[in-house]
Number of protein chains: 2
Amino acid sequence: MRLPVRRAMEVCPVEVAVSAVGGTWKLTVIKHLLEGPRRFNELGRLVPLANTKTLTRQLRELEDDGLVLRTVYPEVPPRVEYSLTDLGRSLQPIVEAMNAWGKDFERTHAD
Amino acid sequence: MRLPVRRAMEVCPVEVAVSAVGGTWKLTVIKHLLEGPRRFNELGRLVPLANTKTLTRQLRELEDDGLVLRTVYPEVPPRVEYSLTDLGRSLQPIVEAMNAWGKDFERTHAD
DNA sequence: CAGCATCCGCTCCGATACTG
DNA sequence: CAGTATCGGAGCGGATGCTG
């Protein structure tokens, strides 16, 4: 995955968005960050199935794409906070649409 | 990838939606199917970067997930039409949100 | 605490060639 | 036309252990 944005543009705007938020856990992380800044292990607890390596990479990609801001506080023990940029916050409609669809799916396809 | 829906439910509704539409090209295919039924090669032309193998699998997964209906017409040459189910059509808000975001990204990050 | 390093299996994806 | 078969490579994702 992870189609370069430039190529995604040639295909469809939808794919541009997919290339930005398509990674595993990315949208869930963004959903939590919409509530406010979160620390690394805090996000790890909020997304229980993601291990540190995966979570780290997703966060780096989000950072590289300008959706997430990483702030390091030079303390001991170290503290790192992740927050959304304006561009990241602009994903809110997508997150809400997907959250609503997922909820509805759970309701209608309930066990 | 391709987290089972059951596990996705344990994490977040957002991940449920991701597990359904997270594959490459899937959302673009759905976007085109929102316009009406399309044949296999027709979709191939609409999503130029997808090869037949990948396109086939994505369509099969969408079919298995109940989002897409596959209709075979017993003719020569063969004709197969793909269309959206009600559940598939319910993805429209997601497609539109992502399409809008992608367009906006292209506009503000224009070359 | 917030990660990076390493190993490793697996899935995914692309290219090519072939079939009913 | 609408796929399937096969091969191959890349990258994701998990487990574990280590570091400033």
Side-chain angles (χ1 to χ4, degrees), chain A residues 1-5 7-8 10-12 15 18-29 32-33 37-65 68-83, chain B residues 1-5 7-8 10-12 15 18-29 32-33 37-65 68-83:
Chain A
M1 254 243 284
R2 197 69 182 144
L3 187 72
V5 175
R7 304 216 60 196
E10 297 166 19
V11 180
C12 183
E15 290 303 326
V18 170
S19 78
V21 299
T24 331
W25 317 126
K26 271 188 186 174
L27 273 173
T28 300
V29 165
H32 289 300
L33 290 182
R38 293 284 180 267
R39 301 177 62 172
F40 182 81
N41 281 351
E42 205 171 354
L43 287 172
R45 260 170 269 122
L46 291 167
V47 191
L49 296 180
N51 62 18
T52 68
K53 176 184 161 188
T54 302
L55 189 56
T56 298
R57 187 173 42 209
Q58 306 294 347
L59 287 167
R60 289 289 174 283
E61 287 184 5
L62 290 171
E63 197 188 350
D64 292 344
D65 290 343
V68 159
L69 187 68
R70 181 170 176 269
T71 311
V72 182
Y73 296 90
E75 307 173 354
V76 178
R79 181 160 64 101
V80 177
E81 271 192 0
Y82 293 92
S83 56
Chain B
M1 257 243 288
R2 194 72 179 144
L3 188 70
V5 175
R7 304 216 59 196
E10 297 165 18
V11 180
C12 182
E15 290 303 326
V18 170
S19 77
V21 301
T24 332
W25 316 126
K26 270 189 188 175
L27 273 173
T28 301
V29 165
H32 289 300
L33 290 183
R38 294 284 181 268
R39 301 177 61 170
F40 183 80
N41 281 351
E42 205 171 354
L43 287 173
R45 261 171 267 121
L46 291 167
V47 191
L49 295 181
N51 60 19
T52 68
K53 178 185 159 186
T54 301
L55 189 56
T56 299
R57 186 176 45 209
Q58 306 294 346
L59 287 167
R60 288 289 176 283
E61 288 183 4
L62 290 171
E63 197 189 351
D64 292 344
D65 291 343
V68 158
L69 187 67
R70 181 171 175 269
T71 310
V72 183
Y73 296 89
E75 307 172 353
V76 180
R79 180 159 65 100
V80 177
E81 270 191 2
Y82 294 91
S83 56

Residue mapping more 5' on DNA chain C - nearest nucleotide basis, B:Pro78 or B:Trp25: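 Its nearest nucleotide being more 5', the pick is B:Trp25.
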Starting at atom [atom1] of [X], determine the distance to atom [atom2] of [N], rounded to an integer number of angstrom.
X       : N      : atom1 : atom2 : result
A:Leu55 : D:dC12 : CG    : P     : 15 Å
B:Leu3  : C:dT11 : CG    : P     : 14 Å
B:Asn41 : D:dC1  : CG    : C1'   : 6 Å

Distance, nearest 0.5 Å, that separates [atom1] of [X] from [atom2] of [Y]:
X       : Y       : atom1 : atom2 : answer
A:Leu27 : A:Leu33 : CG    : CG    : 11.5 Å
B:Leu55 : B:Phe40 : CG    : CZ    : 4.5 Å
A:Tyr82 : A:Glu63 : OH    : CD    : 7.0 Å
B:Asp64 : B:Leu59 : CG    : CG    : 11.0 Å
B:Leu3  : A:Trp25 : CG    : CH2   : 5.0 Å

Phosphate contact (D:dC1 OP1 or OP2) by B:Tyr82 side-chain N/O below 4.0 Å: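 Looking at the OP1 and OP2 atoms of D:dC1, neither is under 4.0 Å from any side-chain N or O of B:Tyr82.
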Any B:Arg39 side-chain nitrogen or oxygen under 4.0 Å from OP1 or OP2 of D:dA2: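 Yes.
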Residue list, side chain to side chain donor-acceptor pair (under 3.5 Å) with B:Ser19, at least two apart or on another chain: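 For B:Ser19 there are no side chain to side chain donor-acceptor pair (under 3.5 Å) partners, ignoring immediate neighbours.
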Only distances under 3.5 Å count here; give the side-chain donor-acceptor pairs of residues 43-52 of chain A to other protein atoms, sequence neighbours excluded, each with its distance to 0.1 Å.
residue	atom	partner	partner atom	Å
A:Asn51	OD1	A:Thr54	N	2.9
A:Asn51	OD1	A:Thr54	OG1	2.8

Contact residues, residues 70-77 of chain A to DNA chain C [heavy atom, < 4.0 Å]: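 The answer is A:Arg70, A:Pro77.
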Within residues 56-64 of chain A, residues whose heavy atoms come under 4.0 Å of DNA chain C: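 Listed by number, they are A:Thr56, A:Arg60.
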Degree of bending, the helix from C:dC1-D:dG20 to C:dG20-D:dC1 (end axes from five pairs; round to 10°):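 Nearest ten degrees gives 50° for this helix.
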Heavy-atom side-chain contact between B:Glu15 and B:Val18 under 4.5 Å: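 Yes - at least one pair of side-chain heavy atoms lies under 4.5 Å apart.
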Contact residues, residues 44-53 of chain A to DNA chain D [heavy atom, < 4.0 Å]: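 Within residues 44-53 of chain A, the residues near DNA chain D are A:Leu49, A:Asn51, A:Lys53.
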Pairing residues for A:Arg79 by the side-chain contact (heavy atoms from CB on, under 4.5 Å) criterion, not counting sequence neighbours: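 Only A:Arg39, A:Tyr73, A:Glu75, A:Glu81 meet the side-chain contact (heavy atoms from CB on, under 4.5 Å) criterion with A:Arg79.
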Residues that A:Val72 engages under side-chain contact (heavy atoms from CB on, under 4.5 Å), provided they are two or more places apart: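 Once residues adjacent in sequence are excluded, the partners of A:Val72 under the side-chain contact (heavy atoms from CB on, under 4.5 Å) criterion are A:Arg70, A:Val80.
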Least distance between heavy atoms, B:Gln58 atom then B:Lys26 atom: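 Taking every non-hydrogen atom into account, OE1-CE, 3.1 Å.
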